[in-house]
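Note that the structure is predicted; figures quoted are calculated from it, not measured.
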Amino acid sequence: MTDEKLDQILKQALAPEINDREIRIDRRRKGKMKKFGKVGKSVAAAVAAVVIGIGGLGYFNPVLAAKIPLIGKIFEKVEDDATYSGDYTDKATVLTNEDSAGNLDTSDYSVSDKGITLTASEVYCDGYSIFLTVNIEAEDADFTHIPEHYTGKDVAGNRTAAGFYIDGTWSVNGTSSEWLANTFEGEVIDSHTFAGMLKVNLAEKATGSGELNLTVNGLGYDDDRMLDAEEITASHWTDGNWNMVLPFEVNETDVKTIEVGETSGNITLEDVMVSPYQVIVHATTPGQQRELTDDRREKLLSEDPDMTDAEMFELLGWSYEPCQTIVFNQDGEMLYSDVEMAGWAGFAVQGKEIKTLYIFIFDNLDDWTQMEQEGMNSSAAGRAIISKEIHVE
């Protein structure tokens with residue numbers, strides 16, 4: 001995606017609050033996230049379209065963590081404003097609890113290094129993604145200057161959350177390690193405490209129970225006092241070693257997978273998954289039938305950390321045909337598009353009623369952008385490679 005196209009999308013989605021200065025800041029953040037998260041440009045652009053420094057929002061003084069037990073209740077704290085919002089009360093498993101004195105009922109899921117302590121709080125898995133809440137405490141820090149970012153489709157919704165960068169790897173049940181390409185998204189509690197949610201997308205559907213092996217080797221956050229600096233992303237960064245093995249149980253309550261198997265041109269809409277918090281559209285193109293092994297990807301990234309999947313495919317002489325997806329519900333409401341990568345497009349439900357889904361898949365970014373701007377009745381709909389109505393209920 002070109003810088004000009006990114007500007008266009010950002011201005012349309014966030015105007016009038018986001019000015020050119022903030023877009024330029026965002027573009028620099030996008031570049032830095034490729035370095036920390038080891039993600040491709042398509043993923044980085046998706047993240048960049050969400051994460052922005054909000055100078056005009058101001059900072060609301062948070063309650064002190066010591067006054068209210070927090071660990072074991074982080075979903076309750078951040079679930080309204082996080083991108084993947086919703087009520088997790090009856091869905092999540094509590095890993096660690098905290099009493100009014102701040103004592104934990106277990107230390108199994110709490111690790112410390114370099115003056116920073118990570119404590120896993122709760123976990124939820126719908127079979128396709130793992131949602132994990134974590135409490136971050138730092139002895140020598142001032143988290144109150146972490147800028148917030150919009151987490152909703154419309155600025156008018158006034159949904160914002162703070163973000164915490166994370167670098168490392170994850171694996172499930174002994175599978176090959178994957179790069180952590182996400183951030184903790186949540187709320188600054190006080191100067192030394194951040195409570196957030198991390199979402200990990202699984203390469204294969206999980207069933208039953210399992211273990212998430214989380215290996216964190218770096219943590220960082222932005223500082224709203226440095227938004228005019230040339231380098232602003234993760235201005236506070238700490239390398240370290242925070243490793244946790246976390247049990248999870250797949251909760252299939254209110255989770256549906258609808259097989260489709262419709263092919264048009266070079267694109268196949270495989271299936272659609274709907275959970276209380278997200279919609280995932282699985283679509284493949286011929287290039288996606290060939291998978292990059294972790295060893296091959298790591299070798300290529302060691303030569304060029306900014307190399308995208310498309311560039312890797314080109315270097316290897318393989319075909320790679322990305323597509324763009326947009327989804328509406330039965331009321332014509334556009335679902336918030338969070339991440340789109342090869343074979344996977346993720347959308348946040350954010351409390352919307354999901355009875356019917358209208359899915360449009362494009363092979364032309366301009367057509368996707370037009371529909372994103374004009375809505376479900378856009379003339380661009382007729383140029384979609386695949387348009388499909390999916391009845392969920």
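Although no hydrogens or angles enter the test, the distance criterion places no donor-acceptor pair under 3.5 Å between the side chain of E76 and the main chain of T89. The backbone N or O of L70 lies less than 3.5 Å from a partner atom in the side chain of E98, making a donor-acceptor pair.
The environment of CD in E139 is sparse: at most 12 heavy-atom neighbours from other residues, nucleotides or ligands sit within 6.0 Å. The neighbour count for N103 CG, taken as heavy atoms of other residues, nucleotides or ligands under 6.0 Å away, is above 12. Remark: Q370 CD is packed, more than 12 non-hydrogen atoms of other residues, nucleotides or ligands lying under 6.0 Å away. A 6.0 Å sphere centred on CD of E259 holds more than 12 heavy atoms belonging to other residues, nucleotides or ligands. Heavy-atom contacts from other residues, nucleotides or ligands closer than 6.0 Å to NZ of K73 number 12 or fewer.
The pair E79-K77 fails the salt-bridge criterion, with no side-chain N (NZ, NE, NH1 or NH2) lying under 4.0 Å from an Asp/Glu carboxylate O.
With ring centers used as reference points, Y88 lies under 6.0 Å from Y277. Outside the 6.0 Å centre-distance limit, the rings of F184 and F194 are not counted as a close aromatic pair. Taking the six-membered ring for Trp and the full ring otherwise, the centers of F164 and F143 sit less than 6.0 Å from each other.
Under the 4.5 angstrom side-chain criterion for Ile, Leu, Val, Met, Phe, Trp and Tyr, the cluster partners of L104 are I71.
Judged by the 6.0 Å and 45° rule, K91 forms no cation-pi pair with Y124.
Contact annotation: the side chain of S275 never approaches that of F131 to less than 4.5 Å [non-hydrogen atoms, C-beta and beyond]. For the pair Q350/T83, a side-chain contact is recorded, criterion being any heavy-atom separation below 4.5 Å from C-beta on.
By the salt bridge (charged side-chain N to carboxylate O under 4.0 Å, His left out) test, D81 pairs with no residue at all, sequence neighbours left out.
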